[in-house]
Each structure stands twice: as structure tokens, then as C-alpha cells.
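From a predicted model like this one, the values you see are computed outputs, not experimental measurements.
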Amino acid sequence: MAYTIDLSGRVALVTGASSGLGWRFAQVLAQAGAAVVLSGRRIERLKELRARIEGQGGDAHVVELDVTDTASIKAAVAHAETEMGPIDILVNNAGIAVQRKLLDATVDEFDDMFTTNVRGAFVVAQEVARRMVARSLGVTPGTWTGGRIINIASVAGLRVMPKLGVYAMSKAAVIHMTRAMAAEWGQYGINVNAICPGYIDTEMNHHYWQTESGQRLLQMLPRKRLGRPEDLDALLVLFASDNSALVNGAVLTADDGFGL
Ligand code: NDP
């Protein structure tokens, strides 16, 4: 018999579903049976993804979300739950990266990366977790085990990478945030884990791999290759499912050995 993971009946909110990893994550969760809420600022892209998921027999809903705006986060989470029901799975994926040496980084760039990658991810998780905790308190203590939060950090949060110092600092914060959330929210049946991808070819960096310096870096990677968004499918679905019941506060790298 094949080993399968079934997320039927679950509702998943994916932030930054309009491109790259989030675009893929939403499709994978839908294929596993979850109803997915697609969020981000580029609504037309999200509608395109919704059509694609629905075309494959899945269930998807679009919600506008700017993670730098707390009111937008609160409205998006409320809207998602009204339309699709309680959120069981949050994929905290929205993020930005500016490539800059530390001496050249501007305060605005610093603020942008921390406001999106750290504050945004924190407030989204907090808003979702408040609802999960309330649900856990409404049932027999210790019986609710359904909350899953997956923070998309980066191997840059574990190992400093060229010209990515400030970004690396923001992802290190996401990693520690994962542990803090896991420690505080585990008692409410919420598992919080982080995935730390290495270099994956997405909109965030696609142009860079075409440059001379991108090609040089590529040749320095252990297997001289980039990851593809689909390389994270199994990790994501595992962390989203009941099959990872004992996994809480884990920080898992998927970097092809780059961080070693
Ligand atoms: P993309 O640039 O393709 O996607 C980033 C996503 O984040 C977009 O969907 C964008 O949506 C969303 N986003 C950015 N700012 C905001 C905002 N203010 N509010 C809401 N959504 C926002 O990059 P990736 O898919 O590569 O990146 C996804 C995550 O993976 C990021 O957290 C990144 O740091 C992380 N990561 C990526 C790696 C890689 O090599 N690609 C490696 C390690 C980690 P929209 O513009 O529509 O709002």
C-alpha cells in the first residue's frame, strides 16, 4: 500500500501565494486535499492560481494581504475564516530580500526586510494562533492537536551568505521566532516548525542566476545546482499534517548541503 498524507477537511492559509514557493505550496496543499486561502498583494496572480487549483479539482479562495499592514493582516485572517472556516494550517511564506553589503544597506532596506520578514510573519502567526488557541480552549484540555504553523525561514538564517547580511539577520529572527512560538503554543495543540531552503530558483532571485556573479555562485554550490520549488513538497505536507504530531520547534534545512 502506498504511503499517503491526506489533508482533506483542513483549511490552509498561504501568505505570498502569488509567486515562487508560495505559488507551489498552495497547489501542493490543495492536491493533498486542503482548502487553501491564497493571499498576497497581487490579486490578479492569486486569481490565476485559484483558477488553476479549481481546474485541478481543488478548493481555493483569494484574500488580499499586505503583511506590512497590521489592519490588512487582521482583515485577511478574519475574511479567510469567514469564507473557508477555521484555519488549521498557516504557511508563513511572504518575504523579501535585498542583496546588499552591510556597509551599503540603507535603513529603509533594513526596515523593509524586517517589517515584511519578521514583523509581518509574527503578526500573521499571532493572529492565526489566537484563533487556534481559542478553539483549543473550547474542547477537552489536551485533545485539540490541529494547529500547524510553518515558517519559511532560510539557510541564510543559519549561515551568513554573500551580500545577504540583513536578510540573514531577518531569517535568523524567524528561526528563533519559530522556537519561541513552539514553546509557548505547543500546549494548545499548535505545532510550529521552520523550513530553511537553500537557493531555489524563483522570482525573488531568477534574474540573479543569469548574471556573471550568479553563475559564479552556482558553481560554488555543493552540487552546482539550484533547488526547485517542488523540492520542498514533501517537507511542507509533512509539517502540515498529523503525521508530524511530535515535531514542534524543528528547524529543517533543505539546502542541498550548502549550509554544512
Ligand atoms: P517570490 O519573490 O517569488 O515570492 C515572495 C512572495 O511574498 C510573493 O508572493 C509576494 O506576494 C509575497 N510578499 C512580499 N511582500 C509581501 C507583503 N508586504 N505582503 C504580502 N505578501 C508579500 O520569492 P520566493 O518564493 O523565493 O520566497 C518565498 C519565501 O521563501 C520568502 O520568505 C523567502 O525569503 C524564502 N526563501 C526563498 C529562497 C529562494 O532561494 N527562493 C531561499 C530561502 C528562503 P505579493 O507581491 O503579491 O504581495
* To do: Determine whether more than 12 heavy atoms belonging to other residues, nucleotides or ligands lie under 6.0 Å from atom CD of Gln210.
  => yes
* Answer yes or no: is there an ion pair linking Asp104 with Lys101, defined by an N-O contact shorter than 4.0 Å? => no
* Structure fact -> The single option from Leu90, Ile149, Val247 that satisfies side-chain contact (heavy atoms from CB on, under 4.5 Å) with Val192 is Ile149
* To do: Determine whether the side chains of Arg41 and Ser72 contain a donor N or O and an acceptor N or O closer than 3.5 Å.
  => no
* **Exercise: do Ser170 and Asn117 side chains pair donor with acceptor under 3.5 Å** => yes
* Asked: With no hydrogens and no angle check, do the side chains of Thr15 and Asn93 hold a donor and an acceptor under 3.5 Å apart?
  -> no
* Are the side chain of Arg225 and the backbone N or O of Asp256 linked by a donor-acceptor pair below 3.5 Å? -> no
* Taking atom types as modelled, is there a side-chain donor on Asp201 or Tyr208 under 3.5 Å from an acceptor on the other? -> no
* To do: Using distance alone, with no hydrogens and no angle criterion, decide if Ser8 and Asp6 have a side-chain donor and acceptor under 3.5 Å apart.
  => yes
* Do Asn191 and Asn248 have a side chain donor and acceptor closer than 3.5 Å? -> no
* Determine yes or no for a side-chain-to-main-chain donor-acceptor pair under 3.5 angstrom, with Asn92 supplying the side chain and Phe122 the backbone. => no
* To do: Look at atom CD of Gln126 and say whether more than 12 heavy atoms of other residues, nucleotides or ligands are closer to it than 6.0 Å.
  => yes
* Asked: So, Thr116 side chain and Met113 main chain: donor-acceptor pair closer than 3.5 Å or not?
  -> no
* For Leu137, does the CG atom have more than 12 heavy-atom neighbours from other residues, nucleotides or ligands under 6.0 Å away? -> yes
* Asked: Is any NZ, NE, NH1 or NH2 atom of the basic residue among Arg45 and Glu203 found under 4.0 Å from an Asp or Glu carboxylate oxygen of the other?
  -> yes
* Quiz item: cation-pi between Arg159 and Phe258, 6.0 Å / 45° -> yes
